[in-house]
Structures are given as C-alpha cells and as structure tokens.
Amino acid sequence: MGSYVPSTKAERQAMLEAVGLKNERELYADVPQSMILDRLLDLPEGMSELEVRRAVTAMAEKNKVFSTVLRGAGAYDHYIPSIVKYIPAKEEFLTAYTPYQAEMSQGVLQSIFEYQTMICQLTGMDVSNASVYDGATAAAEAAAMCRDRKRTVTLISAAAHPDTINTVRTYCYGTNHELRVVPAKDGKTDLAALKEMLTPDVASVYIQQPNFFGLLEDAEQIGEIVHEAGAMYVMGCNPISLAILKTPRECGADVAVGEGQPLGMPIAFGGPYLGIMATTQKHMRKLPGRIVGETADDNGNRAYVLSLQAREQHIRREKASSNICSNEALCALTAGLYMAAMGPDGMKEAARQSMAKAHYLAKALCALPGVSMKYSGEFFHEFVTVLPKTEQVLKTLEDNGILGGLPVEGGVLWCVTEKVAKADLDKAVSIVKEVLEA
Amino acid sequence: MKLIFEKSVPGRKLSLLPACDVEEYALPEAFARRESLDLPEMSETDVSRHYTELCHNVHGVNCGFYPLGSCTMKYNPRIDEEMAALPGFTDVHPLAPAYATEGCREVLDTAKKYLCEISGMDEMTFQPAAGAHGEFTGVMLIKQYHRARGDLKRTKIIVPDSAHGTNPATAAMCGFDVVNIASAPDGCVDLEALKAALGEDTAGLMLTNPNTVGIFDENILEITRLVHDAGGLCYYDGANLNAVMGIVRPGDMGFDCIHMNLHKTFATPHGGGGPGAGAVGCKSFLKEFMPRSVTMQGEGRIQVRGFSGNFLVVVKALTYLLTLGREGVPEAATNAVLNANYLMARIKGTFTPAFDRICMHEFVLDLSEFKKETGVSALDVAKTLIDYGMHPPTMYFPLIVHEALMLEPTETESKETLDWAAEIFRKLYQMGHDDPEYMHAAPHHAQIGRPDEVRAARNPVLRWQKA
C-alpha cells in the first residue's frame with residue numbers, strides 16, 4: 001500500500017508510550033466501540049506511485065480529446081500560455097492555505113490584490129473580491145447582495161446560461177426569495193417584457209453579455225431601463241470579450257460577475273473555474289467573499305491583509321452576507337498571471353481573433369445548403385445556426401477529431417476561439433459540406 | 001516588493017499568438033469598449049521573476065510545518081498534481097458527448113464509490129466547490145426533504161456554539177433560523193440543551209464530530225437519535241473526518257448527509273484559498289434531492305454550480321485514495337490522531353490544553369492563564385512562531401475557548417518535526433515569562449511586521465491606482 005506517513009513502526013510505538021498508551025486502538029477510546037469498523041473498507045489495496053500512475057492514466061485515456069474544439073456554452077478553449085501552466089504549479093502557491101497569517105502570506109495576498117486590480121481594470125468597476133466558485137455562483141451571490149427589505153425579487157434573462165439560471169434559482173429558493181425569468185425574443189432579452197416585469201419589488205436584473213446564444217445584448221439600454229425602475233443591474237460577462245466590448249461600468253452595471261475560466265484555465269470537464277465578482281464603491285461593503293486590502297506594517301512598510309472581514313461568516317455567523325470561506329484563490333492567481341502574460345494587446349488580440357474567426361466560420365457554414373443563422377443579432381464568438389442532419393454532421397466532425405457545436409433548441413451553438421487555425425475551420429466546413437451534400 | 005503594475009513598461013509583451021489568419025471583423029461602435037485597458041505590459045522574464053518573487057513570500061505545507069487546526073494541512077502529493085494535469089482530463093469539454101467523457105465519469109463514479117464507503121453514505125455529488133458550498137448543498141437536501149413532505153413548520157437548524165462560522169451562515173442561506181446551543185463543559189454537545197432546543201420546528205442539526213475542540217462526542221448515537229425522534233435530520237460537517245476515516249463512519253453514527261473537504265482530508269492542495277471540493281453524500285432517502293447540472297444531466301432539482309464541480313480536484317483526491325487504499329486510509333487517520341496526542345503530550349507542562357484528555361486529530365491550547373501571568377496573548381505566540389518558520393495554529397477558535405490556539409499536525413509530519421515544534425512551544429512559553437515585550441512585537445524576521453488591520457478596514461485600499 002502507498003502511504004505518506006513518515007514515522008516508522010518503532011517511532012510510532014515510542015510516541016504511543018510517550019502519550020501513555022499501549023496500542024493505537026486506545027487512541028479511539030472515546031468512540032462508542034460498537035461503532036468502530038470491524039472490517040477493512042471496501043476499497044482496493046493501496047498502490048505504489050507507478051501503479052497509481054498507470055491506473056489513473058488509463059482513465060484519462062478513456063476520454064476522447066478533440067484536436068479542434070468548436071464548442072463553448074460556458075467552457076471556452078482558449079490558448080493557455082506555457083508560463084500560465086507552470087507558475088501556479090509552484091508548491092508554495094499550490095499548498096498554502098487561505099492567507100490568514102499576513103506575515104507569512106504576502107505573496108498570496110499580493111497576487112490577490114493584483115488580481116482584484118486587474119478585474120477592476122477589465123470590468124471598469126471599483127472593487128473586486130478575491131473570487132467566488134464560478135460564474136453561476138457569482139450570479140447567485142450577486143442576486144443576494146442586491147436584495148433589501150423592500151426589494152426581494154430577482155429577475156434573470158432567459159438568454160443567460162441555463163446552469164446559471166438554475167443555480168440562481170437554487171440560491172433564491174434557499175433564502176425563500178422569488179426568481180422570475182425574463183423571456184427572450186429572437187435570442188435576446190425581451191426588453192418590452194423586461195419593462196413590464198420591473199415591478200417595485202424587483203431588487204436586481206441579471207443579463208449575460210454575450211448571452212448564452214452568443215448574441216450581444218443592448219446592455220447599455222437595459223441598464224437604463226433597470227435603473228429607471230430603481231433596481232440594480234447585474235451583468236454576467238465573458239472576461240476575454242471585455243478587452244473589446246463595452247465594460248459593465250460603461251453599461252451602467254452595479255455588479256459585474258462572470259465565468260473566469262477563459263482567463264488561463266483549461267476546460268477540464270467543468271472545473272476548477274473562477275467566479276469573478278466586482279462592484280461599485282457604493283456597494284463595496286455588501287460584496288461577499290474574501291477581499292484583500294492594502295495597509296502598512298508596524299514599520300510603515302506596505303503590506304496586504306484580508307480586509308473588511310466584518311462581513312464574513314467567521315465573524316458574523318448567521319448574519320453574514322454569505323457563507324463563502326474557501327474560494328478559488330489559485331484560479332484567481334492564474335487569471336491575474338494570464339492577464340499579465342497576455343497584456344492589454346494580447347487580451348484584445350485574443351478577443352478580436354475569436355470574434356473574427358467565429359464570423360468567418362458562421363459565414364462559411366451559412367453558405368452551405370440548408371444552414372442559416374438562427375438569430376439576426378450581432379454576436380461575439382458564439383452563434384446558433386440551423387443545421388440539417390445535426391446528429392450526423394456532429395458525429396462525422398467528431399470522427400475527424402473536431403468537437404462541433406452544441407445542439408440547442410432549434411439549432412447548433414458554435415464557438416470559435418483564437419486557438420483554432422483557419423485551416424482547421426476550413427476542414428470543419430468541408431466535412432459539414434460533405435455530409436450535407438451526401 | 002513592487003506590484004506588477006509598477007513593473008509595467010509600455011510596449012513590452014510576450015509573443016504568444018500568431019497573426020490573425022482570417023479577415024478581421026469590425027465590431028459596431030455601439031458595442032465597443034471606450035475606456036482604455038490598463039493591464040500591465042511585461043516581458044516573459046518580467047512575469048516569471050515577478051511570480052517567483054511572490055512565491056518566495058508564501059509558506060505552503062510542502063515548505064514546512066503547518067499545524068493550522070481544522071484545516072488538515074497534510075502533505076500534498078505531487079503525483080496527484082501530475083495526474084490532474086493529464087491532457088486526457090484537462091482538455092475535456094464538460095458538454096462533450098458521453099462516449100468522449102467515459103474516463104471523467106469513471107473518475108467521478110470511482111471516487112463516489114470510495115467516498116460513499118468511507119462516509120457510510122449511499123450517494124455522492126461533486127458539484128459543490130468548497131466545504132461551505134457543500135454545507136449549503138447538504139442543508140438544501142434537508143430543506144427539500146421537509147418541503148416535499150409538506151412539513152413546512154420545520155424552520156430551525158440547531159448549531160452548537162463550537163461550530164465553524166460557516167454552519168450558522170449556511171443555515172441562514174438555506175432560509176432557516178439558527179438555534180445556537182451552548183456546549184457542555186467538556187466541549188461536547190450538552191444533551192439537556194439539545195433536548196430543550198428540539199421540537200416540531202426542528203429541521204435538523206449541523207454537527208462536526210470529532211468536534212472543533214478535537215474530541216469525539218461519545219454521545220453521538222444519543223444525539224442523532226434525539227434529533228431523529230424529533231423529526232429532524234442530522235448533517236455531518238466533515239471538516240474533521242481525517243481523524244476517523246476508515247475507523248468509524250458518519251453514516252453509522254446516524255448522520256443523514258455529509259460534506260467532505262477533499263482539500264483537507266483527501267490531500268488536495270488548498271491553493272492559498274481554493275479551489276477545494278466539498279463532496280456531499282447522503283443516505284438513499286435523500287438521493288432524489290441531490291443537485292444536477294441542467295446542461296450536463298438535463299432537468300433536475302437544485303443546482304449549486306455550473307457543470308460538474310471542481311473535477312480536477314476530484315482526480316487528485318482519487319489518486320490519493322488509490323495510493324492509500326483500504327489499509328492506508330485508517331493508517332492515515334490513526335497517525336493523525338497519534339501525532340496530535342504526541343505533540344500535545346510534549347507541550348503539556350508549559351501551555352495548557354483546554355481539555356486534558358486523549359484528543360483526536362487536533363487539540364486546543366487555552367492560553368488565558370499564560371496571558372494572565374505574562375501579558376502575552378495567543379496572538380503574540382502565533383506571531384512569534386512565524387519567526388521560527390512554523391505556520392501558526394488556528395487562533396481564537398473555537399469561540400468557546402479563550403485565548404485559543406488550535407493545533408492539527410496531521411499524519412504526514414515526522415516525529416522529529418513534532419519534537420522540534422514542541423521544543424519551540426516550550427521555548428516560547430519561557431520567553432513569555434522572560435521577555436514578553438519581544439513577543440508583543442513579533443514577528444521580527446518575517447516578510448512584514450504586524451500589519452495595521454484597523455487601517456485596512458477603515459480606509460479600504462482594495463486595488464492599485466495609477467499615480
């Protein structure tokens with residue numbers, strides 16, 4: 001069996017004696033003896049590292065890895081620079097706990113402070129927290145932070161990611177608050193319906209930009225409508241797109257949230273990802289989660305600490321703004337590192353190329369018989385087409401190492417990032433053509 | 001050290017992307033960003049050196065002793081990292097067709113099987129991303145259960161005053177009123193207080209066992225029976241499972257649902273505050289209430305996060321479980337308990353254990369007498385430990401012990417590390433009597449001196465601004 005216990009049998013015996021016990025069983029004298037397992041667990045025998053490597057690698061090999069990914073829907077296959085993979089694997093970053101002891105954790109604290117700053121720069125907001133679990137939980141936490149005694153209802157656009165809608169619904173159900181879904185029209189939030197639904201009990205409205213179907217919402221106009229009704233405006237953003245799209249601040253958002261995975265994290269079957277969450281100065285003290293602040297040490301030197309802890313569960317207990325404790329610190333570090341490595345130009349380049357290539361693919365696909373855009377609106381790097389023989393097309397693409405778009409109601413949701421070369425897009429299109437013309 | 005923004009030089013960049021090989025698309029003005037994007041501009045050397053400098057100012061468990069009570073800072077095996085970095089896992093899209101993700105599902109199914117066996121549960125979900133997130137999920141099971149039965153009068157969750165802050169905060173997030181009950185003098189659940197709190201409005205009890213003072217509550221079967229008799233359910237906070245895994249199972253203690261911190265008990269690294277994973281298990285009668293992802297599994301009930309949770313963390317935990325196997329799991333638990341008792345025995349005679357009896361995987365020192373004698377607080381001791389390269393224990397928790405320091409050495413520390421740590425504690429005890437001023441001012445050789453936390457809270461500076 002494998003083991004990470006360093007002490008030898010003789011050492012263990014010596015330690016037992018030092019404690020005044022005869023055997024290990026006596027360590028568990030407080031446990032009702034009837035409950036102690038009188039058998040070994042039904043687990044396999046432990047293994048050496050080499051055997052474990054074989055066993056786990058065999059599982060990984062049962063997955064099919066596609067060389068070209070044209071599927072997004074909340075998990076985006078962007079290029080991850082080599083340095084972004086390497087640095088978070090450093091054992092210091094990897095194996096530290098939450099930076100409770102500032103004097104021993106300045107590296108982690110500073111990395112979070114830098115991340116918070118970059119998120120503010122990206123979103124245009126004033127204050128970011130140290131992260132939450134993912135984009136869906138960020139939306140749910142935002143809904144909670146916007147409520148007050150009079151305004152208790154949350155609105156969410158039907159054009160948001162289905163996982164986000166369901167997660168926000170769950171959190172609302174938790175605190176016994178109501179969630180209402182604003183319908184979509186031609187793939188975008190129905191503004192007429194939104195206006196009607198903005199009753200005086202509405203606390204906040206959540207819009208995703210670009211939305212689940214890849215379309216760009218009229219985010220600025222929505223902000224005006226929401227504020228006119230006295231509600232708060234929460235925007236869920238794709239962080240890569242923010243390099244070129246109007247920022248949440250420019251759209252009037254009170255809270256900006258988003259799925260941070262595109263910032264240097266692999267798609268990894270859904271996680272770990274990163275929940276981005278930022279707000280305006282006005283709502284700073286309502287923001288949940290860890291926040292790192294700058295201060296000085298007793299010699300007057302710049303120092304970083306976990307700050308504004310009076311909001312948090314370990315102080316406020318049942319009156320806390322959220323129960324969140326662990327967040328996604330290493331993913332936040334990864335995101336900060338990614339943004340530093342890409343720089344402003346690299347971020348814009350990734351966004352522009354993703355957009356350009358998505359439009360290239362859309363145009364090429366729509367030139368094929370029976371393929372057309374399902375919606376007419378402006379889009380970023382995802383779009384829905386009507387696609388005949390969907391199942392057959394996708395399967396043929398997969399057989400050629402290409403993960404095609406995601407089947408959604410009435411069509412297929414495609415995604416292209418800067419990672420996909422033109423030649424691979426052309427190959428995909430010719431495969432689709434072949435199937436359609438067969 | 002300088003912030004990354006202060007190292008930025010306009011025009012510097014890495015060469016990462018090729019030129020665009022398709023026609024540019026002109027984004028309509030109405031959608032375009034107007035404000036400038038002021039991210040740092042760095043060379044690759046700049047980036048590498050900056051983060052390397054940061055990492056020299058971090059203490060991880062793989063760097064040295066980290067007896068942070070309640071956090072189970074055991075060694076994080078490198079093989080676990082390597083397995084989680086396999087392209088066969090990292091490059092799998094969560095919404096890829098089922099046949100292409102068989103390996104991922106085998107990971108989840110195998111981990112589920114093993115963790116159900118360890119916890120005595122029938123079903124397991126990996127959707128929750130952290131311990132507190134698991135608590136939320138677990139208590140939502142309790143909520144749905146009562147609602148489904150039309151039992152709407154159950155509005156209260158009972159939480160002992162020794163509990164982690166996440167417990168009452170979770171109960172509130174699930175819409176319950178929190179009933180805090182005082183602990184008995186031995187740190188365990190006060191059965192009379194529990195009986196008084198139980199009633200027709202009890203939805204459930206949240207309990208950590210071994211509890212937060214490191215003691216296994218010997219009345220556990222009576223406790224869970226009382227809650228069940230009152231019609232409530234029992235939630236097990238698995239923060240301290242490391243003490244008993246493979247020895248005794250929460251499911252056999254009468255618990256109905258549970259979360260386990262894979263980043264504590266199952267050796268996955270904590271990453272300076274996440275990503276963790278809060279696997280939630282339940283007995284079969286709660287199975288129908290477990291969360292599902294709408295996009296991955298179709299219509300379901302509750303959902304607490306996108307997709308399937310922190311999948312790569314599960315890969316690490318599974319690698320660890322495969323390594324330890326059926327003998328290794330209880331061996332780890334036993335040695336965690338042995339190490340804690342040994343360290344406590346070695347410190348005894350100087351600092352005073354809050355409960356002088358055999359402990360589980362952690363123990364709490366009560367420094368209130370020491371503080372009375374010397375004026376040196378638990379905080380002062382913690383800060384002085386930093387100068388010796390030891391991460392301080394958890395401070396001022398649980399709330400039921402004054403001047404508390406909570407130590408959890410874990411099973412992956414050797415006898416000589418424990419001897420070394422005990423020596424330092426003995427030394428600091430003496431130092432408190434000889435030179436308290438030195439300890440008030442500690443640390444003296446750390447990355448920084450004591451930070452001004454009041455100033456940080458009063459005048460929040462939460463981001464860097466261009467001068």
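To find a chain, count down the sequence lines: A is the first, B the second, and so on, and within it residues start at 1.
Side-chain atoms of H270(B) and T95(A) form no donor-acceptor pair, as typed in the model, at a separation below 3.5 Å. Side-chain atoms of D163(A) and Q303(B) form a donor-acceptor pair, as typed in the model, at a separation below 3.5 Å. S307(A) and E453(B) are not linked by any side-chain donor-acceptor pair at a separation below 3.5 angstrom, with hydrogens and angles left out of the test. Side-chain atoms of S3(A) and E331(B) include a donor-acceptor pair closer than 3.5 Å.
Interface remark: A171(B) contributes no atoms to any contact with chain A (heavy atom separation under 4.5 Å). Of the atoms belonging to Y99(B), heavy atoms from both backbone and side chain fall under 4.5 Å from chain A. Looking at R316(A), there are no atoms closer than 4.5 Å to chain B (heavy atoms on both sides), in backbone or side chain. Contact of L406(A) with chain B is made through the side chain alone, with heavy-atom distances under 4.5 Å. Contacts of I87(A) with chain B are made by side-chain atoms alone, with heavy-atom separations under 4.5 Å and no backbone atom involved. Heavy atoms of A29(A) lying under 4.5 Å from chain B are absent altogether. Both the backbone and the side chain of I36(A) come within contact range of chain B, each with at least one heavy atom under 4.5 Å from a heavy atom of that chain. Looking at L21(A), only its side chain comes within 4.5 Å of chain B, counting heavy atoms on both sides. For N335(B), the part sitting under 4.5 Å from any heavy atom of chain A is the side chain, from C-beta outward, and nothing else. Proximity to chain A is absent for every atom of P291(B), based on heavy atoms less than 4.5 angstrom apart. In this structure, the portion of P443(B) lying under 4.5 Å from any heavy atom of chain A is its side chain and not its backbone. Residue D126(A) touches chain B through its backbone alone, counting heavy-atom pairs closer than 4.5 Å. When heavy atoms are compared at a cutoff of 4.5 Å, Y97(A) approaches chain B by way of both its backbone and its side chain. The contact between L27(A) and chain B is made by backbone and side chain atoms together, counting heavy-atom distances below 4.5 Å. Only the side chain of L86(B) comes within less than 4.5 Å of a heavy atom of chain A; its backbone N, CA, C and O stay farther away. The contact between A89(A) and chain B is made by backbone and side chain atoms together, counting heavy-atom distances below 4.5 Å. Contacts of A136(A) with chain B are made by side-chain atoms alone, with heavy-atom separations under 4.5 Å and no backbone atom involved. Only the side chain of Y360(A) has a heavy atom closer than 4.5 Å to any heavy atom of chain B. With a threshold of 4.5 angstrom between heavy atoms, E114(A) approaches chain B through its backbone and through its side chain. Heavy atoms closer than 4.5 Å to chain A are found in the side chain of M360(B), but not in its backbone. Contacts between V5(A) and chain B at a heavy-atom distance below 4.5 Å involve backbone atoms as well as side-chain atoms.
Of the listed residues (A345(B), A267(B), A132(B)), the one with the most heavy-atom contacts under 4.5 Å to chain A is A132(B). Among H56(B), M42(B), E413(B), the residue making the largest number of heavy-atom pairs under 4.5 Å with chain A is E413(B). Among E41(B), K13(B), E24(B), R34(B), the residue making the largest number of heavy-atom pairs under 4.5 Å with chain A is R34(B). For the options V178(B), V92(B), V329(B), heavy-atom pairs under 4.5 Å to chain A are most numerous at V92(B). With chain B as the partner, the residue from A310(A), A73(A), A296(A), C331(A) showing the most heavy-atom pairs under 4.5 Å is A296(A). Among E23(B), E53(B), M173(B), the residue making the largest number of heavy-atom pairs under 4.5 Å with chain A is M173(B).
E102(B) has no carboxylate O lying under 4.0 Å from a charged side-chain N of K64(A), or vice versa, which leaves the two without a salt bridge. At a threshold of 4.0 Å, the pair E45(A)-R326(B) counts as salt-bridged, since one of the basic side-chain nitrogens sits closer than that to a carboxylate oxygen. Between E103(A) and K383(B), at least one side-chain nitrogen of the basic residue sits less than 4.0 Å from a carboxylate oxygen of the acidic one, meeting the salt-bridge criterion. A salt bridge does not link R450(B) with D298(A): every distance from a Lys NZ or Arg NE/NH1/NH2 to an Asp or Glu carboxylate oxygen is 4.0 Å or more.
Relative ring orientation between F136(B) and Y171(A) is described as tilted, the plane-to-plane angle lying within the 30° to 60° band. Aromatic ring orientation, Y4(A) versus Y75(B): tilted (interplanar angle from 30° to 60°).
When ring centroids are compared, Y100(A) and H391(B) stay outside the 6.0 Å threshold.
A donor-acceptor pair under 3.5 Å is formed between the side chain of S308(B) and the backbone N or O of F269(A). A donor-acceptor pair is defined here as one N or O able to donate and one able to accept, closer than 3.5 Å; such a pair exists between the side chain of D297(A) and the backbone of G449(B). Using modelled atom types, one side-chain atom of N63(A) and one backbone atom of G103(B) make a donor-acceptor pair closer than 3.5 Å. Looking at H59(B), its side chain never comes within 3.5 Å of a backbone N or O of E92(A) through a donor-acceptor pair. Using modelled atom types, one side-chain atom of Q447(B) and one backbone atom of S105(A) make a donor-acceptor pair closer than 3.5 Å.
The side chain to side chain contact (heavy atoms under 4.5 Å, CB included) test with C20(B) is passed by exactly one of E418(A), K422(A), Q353(A), M355(A): Q353(A).
Considering only residues two or more places apart in sequence or on other chains, E91(A) meets the salt bridge (Lys or Arg N to Asp or Glu O under 4.0 Å) condition with R78(B). With sequence neighbours excluded, the residues forming a side chain to side chain donor-acceptor pair (under 3.5 Å) with E11(A) are T8(A), listed by chain and number.
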**Item:** Pair R33(B)-E250(A), salt bridge (charged side-chain N to carboxylate O under 4.0 Å, His left out): steps then yes or no
**Value:** CA-CA 8 Å; R33(B) 179 177 180 124; E250(A) 287 173 332; 5.7 Å; no
**Request:** Decide yes or no on side chain to side chain contact (heavy atoms under 4.5 Å, CB included) for L462(B) and E294(A), but give the supporting numbers first.
**Result:** CA-CA 6 Å; L462(B) 308 177; E294(A) 184 185 305; over 6 Å; no
**Message:** Show, in sequence, the C-alpha distance, side-chain angles and deciding distance for E49(A) and T323(B), and conclude whether the side chain to side chain donor-acceptor pair (under 3.5 Å) test is met.
**Reply:** CA-CA 7 Å; E49(A) 186 174 303; T323(B) 304; over 6 Å; no
**Request:** Please report the C-alpha distance between N310(B) and D134(A) in whole Å, then the side-chain angles of each, then the deciding distance to 0.1 Å, and finally whether the side chain to side chain contact (heavy atoms under 4.5 Å, CB included) criterion is met.
**Result:** CA-CA 10 Å; N310(B) 284 342; D134(A) 74 337; over 6 Å; no
**Request:** Start with the C-alpha gap between L17(B) and M342(A), add the side-chain angles, then the distance that decides, and say whether side chain to side chain contact (heavy atoms under 4.5 Å, CB included) holds.
**Result:** CA-CA 9 Å; L17(B) 300 179; M342(A) 296 296 280; 4.1 Å; yes
**Message:** Could you go through E82(B) and R53(A), starting from their C-alpha distance and side-chain angles, then the distance that decides it, and tell me whether this counts as salt bridge (charged side-chain N to carboxylate O under 4.0 Å, His left out)?
**Reply:** CA-CA 9 Å; E82(B) 210 183 324; R53(A) 177 185 299 273; 2.8 Å; yes
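Figure legend: cation-pi geometry between K143(B) and Y173(A), with NZ or CZ positioned under 6.0 Å from the six-membered ring centre and within 45° of its axis. With Y342(B) as the aromatic partner, R12(A) does not meet the cation-pi criteria of under 6.0 angstrom to the ring centre and within 45 degrees of the ring axis.
Interatomic distance, CD of Q121(A) versus CG of D38(B), reported as 5.5 Å (0.5 Å rounding).
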